[in-house]
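The structure that follows is given in the form of C-alpha cells.
Just so we're on the same page: letters track the sequence lines, and every chain starts at 1.
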Amino acid sequence: MAATLSTAVDVHCITKHTSDAKRRPIFFTSPIRLPKRSFTISCTSKSPLKPPPDLAETHPQNPSLSDQLRPISTTILHETTTKDPHSKTHLLAKPKSTWVNPTRPKPTVLSLQRQKKSLYSYNPQIRDLKLFARRLNDCDPSEAAFMAVLEEIPHPPNRENALLVLNSLRPWQKTLLFFNWIKTHNLFPMETIFYNIAMKSLRYGRQFQLIEDLANEMINNGVELDNITYSTIITCAKRCNLSEKAVHWFETMYKTGLMPDEVTYSAILDVYANLGKIEEVMSLYERGRASGWRPDPIAFAVLGKMYGEAGDYDGIRFVLEEMKALGVEPNLVVYNTLLEAMGKAGKPGLARSLFEEMVENGVNPDEKTLTALVKIYGKARWAKDALELWERMRLNKWPMDFILYNTLLSMCADLGLEEDAERLFEDMKGLERCGPDSWSYTAMLNVYGSGGKVDKAMKVFNEMSERGVELNVMGCTCLVQCLGRAKRIDDMVRVFKESTERGVKPDDRLCGCLLSIVSYCEEGEDRNKVLVLLQQANPELVAFIKLLGEEKTSFETIKKEFRSILSATIVDARRPFCNCLIDICRNRNLQERAHELLYVGTVYGLYPGLHTKTSEEWRLNVRSLSIGAAHTAFEEWMGTLGQIVKRQEALPEVFSANTGAGTHKFSHGLAGAFESHVKKLAAPFRQSEEKAGIFVATREDIVKWVQSKAPSLAVTV
DNA sequence: TTAGGGTTAG
C-alpha cells in the first residue's frame, strides 16, 4: 500500500518560502514525475533464478542451467533496470542475443524437443478394467470398502492393467489408495509414469503437499523425474498459490541438469506472470528465444494475460507483433486473452478491431470472447457497439452461458438500458440452464440503482429475500447509493441493517457510498443516522471526520491520519474518499481543511494529471473530482496564478478547465456546478463552443481578473 | 481429467 502511495506521486511543488510543516502550492513549476511502472528487479533484489550457493557443489561435473543463467541474469536483468524495458523500441525490437561473449556458445535454456510420451499398446481388457475402475470410484470412500472391491480385480494387476486403472480413478483419495496398493504389492518396478498419473489426480484435489512428498520419494528411490513430473508439480503449486514452491522445483530441475521443454517453460512463465514479475518473464522469454525457441500460442496467451493485468498496452502490442513476426497464428484462447487484456489496458477501439480480425480469420467467438467484449463496450459506454454486438450474437446464434447473460445485464446497467435489461432478465427466468442468480439480481439492482429507480430497486431487493437469493455487498451498495440520493435515509438504514444481518460485510466501496451520503446530508438527524452506520463499518473514517472539524487539529495530523486511512483502503476507493471528505469540509464551511485534503490527496497520487501544461495551454482536469473538490482545485489554481502574475513569470496563451460533459451515470452535473462557481467568482472562463465540458480563458482576461482579485486569492495559497 | 502448460463477471 505504502509503495502505491509513494510511486503514484504526481505533485507539483516548490521549495522556497515554505516550511515542511506547511502545505505547498499544488500547481507550480514542472511536475516531478516518477516512472509509471515500478521495477521489481534491481541490482540489489534477489533474482529467484539465482541458484542457492550450494548448487555448484552439488553437481560440479554438470553445470546446472541456473549456473548457466547466472551471467545472463546479471547482464540482462541489470540492463532492464537502467532503461524502460517497456518502451516501444525495446519491446518491438527483436530479442537481442543475451550471450555476451561471442566465442562461447549460446546458452540453451530450454529443450526445443517436447518430451515424448510413450505409446500405449492396445489393452484387450480395457472394457473390463474401465468398468472395474468405475466400481472403485463409486464405492464407499473408506479404505476398507475400497480394498474390498479391489479384491475383485478382474485381471492380473500387471503394469499395463494397473496403469489403466490408476488413470481412471478419482477423486485423489482413491488414486492414492490404489497407488499405495500397487507399491506395497511390489508387482513391478514403479516407473515415472505411475507417479505422474498419481500426481495429476492429486493436482485436481490441489494436494500440493502430497505431490511434493511423492516427488521426494522419487528422488529417494532413484525414480527419474521428467518434464511431465516437473510441470505437474509446478502447476499444482501455482494453483495452490504456492509460487515459491513452483520456483523451487523449477530450480531443482536445473540442479539435476534436466532441461525444461516448452510445456514446463511456459508453466513457469505463467508462475512469474501471476506474480506480476514482468521483467523475469521477459528475461526468460528472451533467453528462450535466443535458444531458438519458437513460442506457441499458449506461451503468447501467458504473456498477453500478464500485460493485460499490468494494463500495459505496449506489452500487448509486443505480443501481437511478435506472433506476427514468428508466423504464429493466434487461436481462440489467445484472442480471448488479448481482448480481455485490451479491456484492462483501456483500449476499447483496439479490442473491437482485434475482434473483427478474429472473425475475419475464421476463428469463431465463444462465450468468453463475447463476455470480454460486452464488458469492454459497457465500461466504455459504447452503446451502439454493444447493441450491435448483441444483435450479431442473436443472428449468428453465437454461444451464450450464464456469465455472458449476467455480463449483458451489467452492460445494460452501465449504459442505462433499463428496458433491455428487464427483457433479458425475464428471458433468463424462462431459461432452464441460465436462470437468474445472485449476479443477475445484483445487475438488476445496479440497473435500477444507477437509473434512480428507487421503487423498482426495492422490489428487486424484496424479491431476492423472498426467493432466497444471496445478497452481496455490491447489490447492497447499489441500493444504499440510490436510496441515499433519493434522501430516503430510513429505507437506506433498513437496507443496510438487513444486508449486514444477511451476511454482507461492508467494504471500502460501500463505505465510500455512505461517506458520499454524509457529504450531501445536512447536519442533523439524517446525517447522524448515516454516521452511525459508517461508524459500524469504518470507525477510523468517522474519527477522521471529527478530527477535520476540530480547530486545534494540525495539518501534520491531517496528513498522517489521512495517509493511514488511505493505506488501509483499496486503491479504487481512495479518490472517492478524498472527494467526499473535501465535500464534507466545504459543506461545513471548513474551506482551509478542504484545501489541505486536496493537497494531501495530490501528494498521495489520487489526482494524477490534475494539471497539465504545454507552452500554449495550461489545463486543469477536474473530471475525476467531486463538485467540492473541483471548486477547491480551481481556487487553488487561481491562487497560484495570482502569485505567478505577481512575479511576472511567463504564462501561456490559453487557460482551460476540463469538467467533462457529464455523460457518466455518476456525474453530478459537474460542468453546471463549475459554470456557476466561476460565475460567482466572476472568473473569465467561458464554456467552449467546440467541446462540451471545457471552459476556456485567455491570458489577458486571466491576468486582468487575477490582479483585480489579488488580495483574496492569495489567502488560499 | 485419460501422464504435463494458457482464457469469462462489480
Side-chain angles (χ1 to χ4, degrees), chain A residues 114-118 120 126 130 133 163-172 175 191-205 225-236 238-239 246 260-271 273-274 295-306 308 330-341 343 365-376 378-379 399-411 413-414 437-440 442-443 445-446 449-450 472-478 507 509-510 572:
Chain A
R114 195 185 283 212
Q115 184 181 319
K116 293 269 187 302
K117 292 181 187 175
S118 55
Y120 301 108
I126 187 161
K130 283 266 179 192
L163 267 180
L164 219 155
V165 173
L166 186 65
N167 209 5
S168 314
L169 290 179
R170 58 199 60 107
W172 61 270
T175 312
E191 300 161 35
T192 306
I193 188 169
F194 286 91
Y195 282 93
N196 288 348
I197 296 174
M199 282 186 181
K200 188 183 175 188
S201 177
L202 289 168
R203 192 185 62 173
Y204 275 104
L225 284 80
D226 62 13
N227 258 286
I228 298 178
T229 323
Y230 282 112
S231 58
T232 311
I233 298 170
I234 288 168
T235 52
C236 180
K238 189 179 73 186
R239 285 174 205 183
D261 66 8
E262 70 170 331
V263 176
T264 316
Y265 207 70
S266 52
I268 203 73
L269 283 185
D270 195 39
V271 170
N274 287 336
D296 67 359
I298 294 182
F300 285 116
V302 168
L303 297 188
K305 185 175 182 202
M306 173 182 78
N331 63 15
L332 179 62
V333 176
V334 171
Y335 275 120
N336 288 352
T337 309
L338 290 175
L339 282 171
E340 181 87 3
D366 69 357
E367 296 89 336
K368 290 174 187 176
T369 324
L370 300 165
T371 299
L373 213 54
V374 167
K375 198 174 128 192
I376 289 168
K379 291 280 153 278
M400 301 269 288
D401 64 4
F402 70 101
I403 294 181
L404 181 50
Y405 272 109
N406 287 341
T407 309
L408 281 166
L409 280 179
S410 301
M411 178 269 285
D414 287 330
D437 65 355
S438 171
W439 279 88
S440 329
T442 306
L445 286 176
N446 192 6
S450 47
N472 59 29
V473 66
M474 184 194 170
C476 173
T477 306
C478 291
D507 63 3
R509 283 195 184 84
L510 180 49
D572 287 353

Would you indicate what Ile403(A) reaches in the nucleic acid, counting non-hydrogen atoms under 4.0 angstrom: base, sugar-phosphate, or nothing?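 Base contact.
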Please state how far atom CZ in Arg114(A) lies from atom P in dG5(B), giving the value in whole angstrom units.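 Distance, rounded to whole Å: 10 Å.
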Which one, dA9(B), dG5(B), dG6(B), comes nearest to the side chain of Asp270(A)?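 Side chain of Asp270(A) sits closest to dG6(B).
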Base, sugar-phosphate or nothing for Arg509(A)? Non-hydrogen atoms, less than 4.0 Å.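 Counting heavy atoms under 4.0 Å across all strands, no contact is made by Arg509(A).
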Distance-only side-chain donor-acceptor flag, Arg170(A) / Ser201(A), under 3.5 Å: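 Result is no, nothing qualifies.
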Distance in Å, Glu367(A) CD paired with Asn336(A) CG, rounded so as to fall on 0.5 Å steps: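 Reported value, rounded in 0.5 Å steps: 9.5 Å.
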Choosing from dT7(B), dG10(B), dT2(B), which nucleotide comes nearest the side chain of Lys200(A)?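 When the side chain of Lys200(A) is considered, dT2(B) is the closest of dT7(B), dG10(B), dT2(B).
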Contact class for Thr477(A) vs. all strands (heavy atom < 4.0 Å): base, sugar-phosphate, or nothing?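 No contact at all - Thr477(A) keeps every heavy atom at 4.0 Å or more from the nucleic acid.
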Contact class for Phe194(A) vs. all strands (heavy atom < 4.0 Å): base, sugar-phosphate, or nothing?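 Nothing, no nucleic acid heavy atom in range.
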Given the P atoms of dG6(B) and dG10(B), what is the spacing between them in whole Å?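 Here dG6(B) and dG10(B) have their P atoms 22 Å from each other.
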Side chain of Ala301(A) (C-beta onward), nearest among dT8(B), dA9(B), dG6(B):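 So the nucleotide nearest the side chain must be dG6(B).
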base_contact_polar (dG5(B) base, Asp296(A) side chain, donor-acceptor, <3.5 Å):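 Counting by modelled atom types and ignoring angles, a donor-acceptor contact under 3.5 Å is found here.
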Would you classify Val334(A) as touching base, sugar-phosphate or nothing, given that sugar-phosphate means primed atoms plus P, OP1 and OP2, and contacts are heavy atoms under 4.0 Å?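 Base contact - Val334(A) has a heavy atom under 4.0 Å of at least one base atom.
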Between atom CD1 of Ile228(A) and atom CZ of Arg114(A), what is the distance when rounded to the nearest 0.5 Å?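 If I round to the nearest 0.5 Å, the distance is 10.0 Å.
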Measure from the side chain of Asn331(A), starting at C-beta and using heavy atoms only, and say which of dA9(B), dG6(B), dG5(B) lies closest.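 In terms of side-chain proximity for Asn331(A), the closest of dA9(B), dG6(B), dG5(B) is dG6(B).
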If only side-chain N and O atoms count, and only distance matters, is there a donor-acceptor pair under 3.5 Å linking Asp226(A) with Asn196(A)?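 Yes, side-chain donor-acceptor contact under 3.5 Å.
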For Ala301(A) and Val333(A), which heavy atoms make the closest approach, and how far apart are they?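 Heavy-atom minimum between the residues: CB-CG1, 4.4 Å.
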Can you check the Leu169(A) CG to dT2(B) P distance for me, whole Å?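 From Leu169(A) CG to dT2(B) P: 15 Å.
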Heavy atoms under 4.0 Å, any strand shown: does Thr264(A) hit a base, just sugar-phosphate, or nothing?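 Answer is base: heavy atoms of Thr264(A) come under 4.0 Å of a base.
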Quick one: Ile228(A) CD1 to dT2(B) C1', roughly how many Å, whole number?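 Checked: the CD1 to C1' distance equals 13 Å.
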Of all the heavy-atom pairs spanning Gly304(A) and Thr337(A), show the shortest one and how long it is.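 Closest heavy-atom pair between Gly304(A) and Thr337(A): C-CG2, 4.0 Å.
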Whether the side chain of Thr337(A) and the base of dT7(B) hold a donor-acceptor pair under 3.5 Å is what I'd like checked.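 Counting by modelled atom types and ignoring angles, no donor-acceptor contact under 3.5 Å is found here.
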Establish, with yes or no, whether the OP1 or OP2 oxygen of dG6(B) is under 4.0 angstrom from a side-chain nitrogen or oxygen of Arg239(A).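 Affirmative; the distance criterion is met.
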To the nearest Å, how far apart are Lys379(A) NZ and dG10(B) C1'?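 Those two atoms, NZ and C1', are 7 Å apart.
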Would you kindly give the CD-to-C1' distance between Glu340(A) and dG6(B), to the nearest whole Å?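 Those two atoms, CD and C1', are 13 Å apart.
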OP1 or OP2 of dG10(B) sitting under 4.0 Å from any side-chain N/O of Lys375(A)?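 Yes.
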Could you tell me how far apart Asn196(A) (CG) and dG5(B) (P) are, to the nearest whole angstrom?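 Atom CG in Asn196(A) sits about 11 Å away from atom P in dG5(B).
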N/O donor-acceptor pair, side chain Asp366(A) with base dT8(B), under 3.5 angstrom: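 Checked by distance alone, the answer is no.
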Is there, by distance only and without an angle test, a donor paired with an acceptor across the side chain of Thr235(A) and the base of dG5(B) below 3.5 Å?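 Such a pair does not exist between side chain and base.
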Distance-minimising heavy-atom pair for Cys476(A) and Leu510(A):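 Cys476(A) and Leu510(A) have their closest heavy atoms at SG-CD2, 3.9 Å.
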For the side chain of Ser168(A), counting heavy atoms from C-beta on, which of dT2(B), dA9(B), dT8(B) is nearest?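 Comparing dT2(B), dA9(B), dT8(B) against the side chain of Ser168(A), the answer is dT2(B).
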Asn167(A) side-chain proximity, nearest of dT7(B), dA9(B), dT2(B):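 Per side-chain heavy atoms of Asn167(A), the pick is dT2(B).
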Looking only at N and O atoms, is any donor in the side chain of Thr232(A) or the base of dG4(B) less than 3.5 Å from an acceptor on the other one?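 By the distance-only test, no, there is no pair.
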Do the side-chain N or O atoms of Lys238(A) get closer than 4.0 angstrom to the phosphate oxygens (OP1, OP2) of dG5(B)?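 False: Lys238(A) side-chain N/O out of range (4.0 Å or more) of dG5(B) OP1/OP2.
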Looking at the side chain of Lys130(A), which of dT2(B), dG10(B), dA9(B) is the nearest nucleotide?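 Among dT2(B), dG10(B), dA9(B), the one nearest the side chain of Lys130(A) is dT2(B).
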Could you tell me how far apart Leu408(A) (CG) and dT8(B) (P) are, to the nearest whole angstrom?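 In whole Å, dT8(B) P lies 18 Å from Leu408(A) CG.
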Can you check the Asn227(A) CG to dG4(B) P distance for me, whole Å?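 In whole Å, dG4(B) P and Asn227(A) CG are 13 Å from each other.
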At less than 3.5 Å, do the side-chain atoms of Asn472(A) and the base atoms of dG10(B) form a donor-acceptor pair?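 Result: at least one qualifying N/O pair found.
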When you measure only distances, ignoring hydrogens and angles, does the side chain of Lys117(A) come within 3.5 Å of the base of dT2(B) through a donor and an acceptor?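 Check fails, no donor-acceptor contact within cut-off.
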Contact under 4.0 Å: Lys305(A) side-chain N or O vs dG6(B) OP1/OP2: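 For Lys305(A), the contact criterion (side-chain N or O under 4.0 Å from OP1 or OP2 of dG6(B)) is not met.
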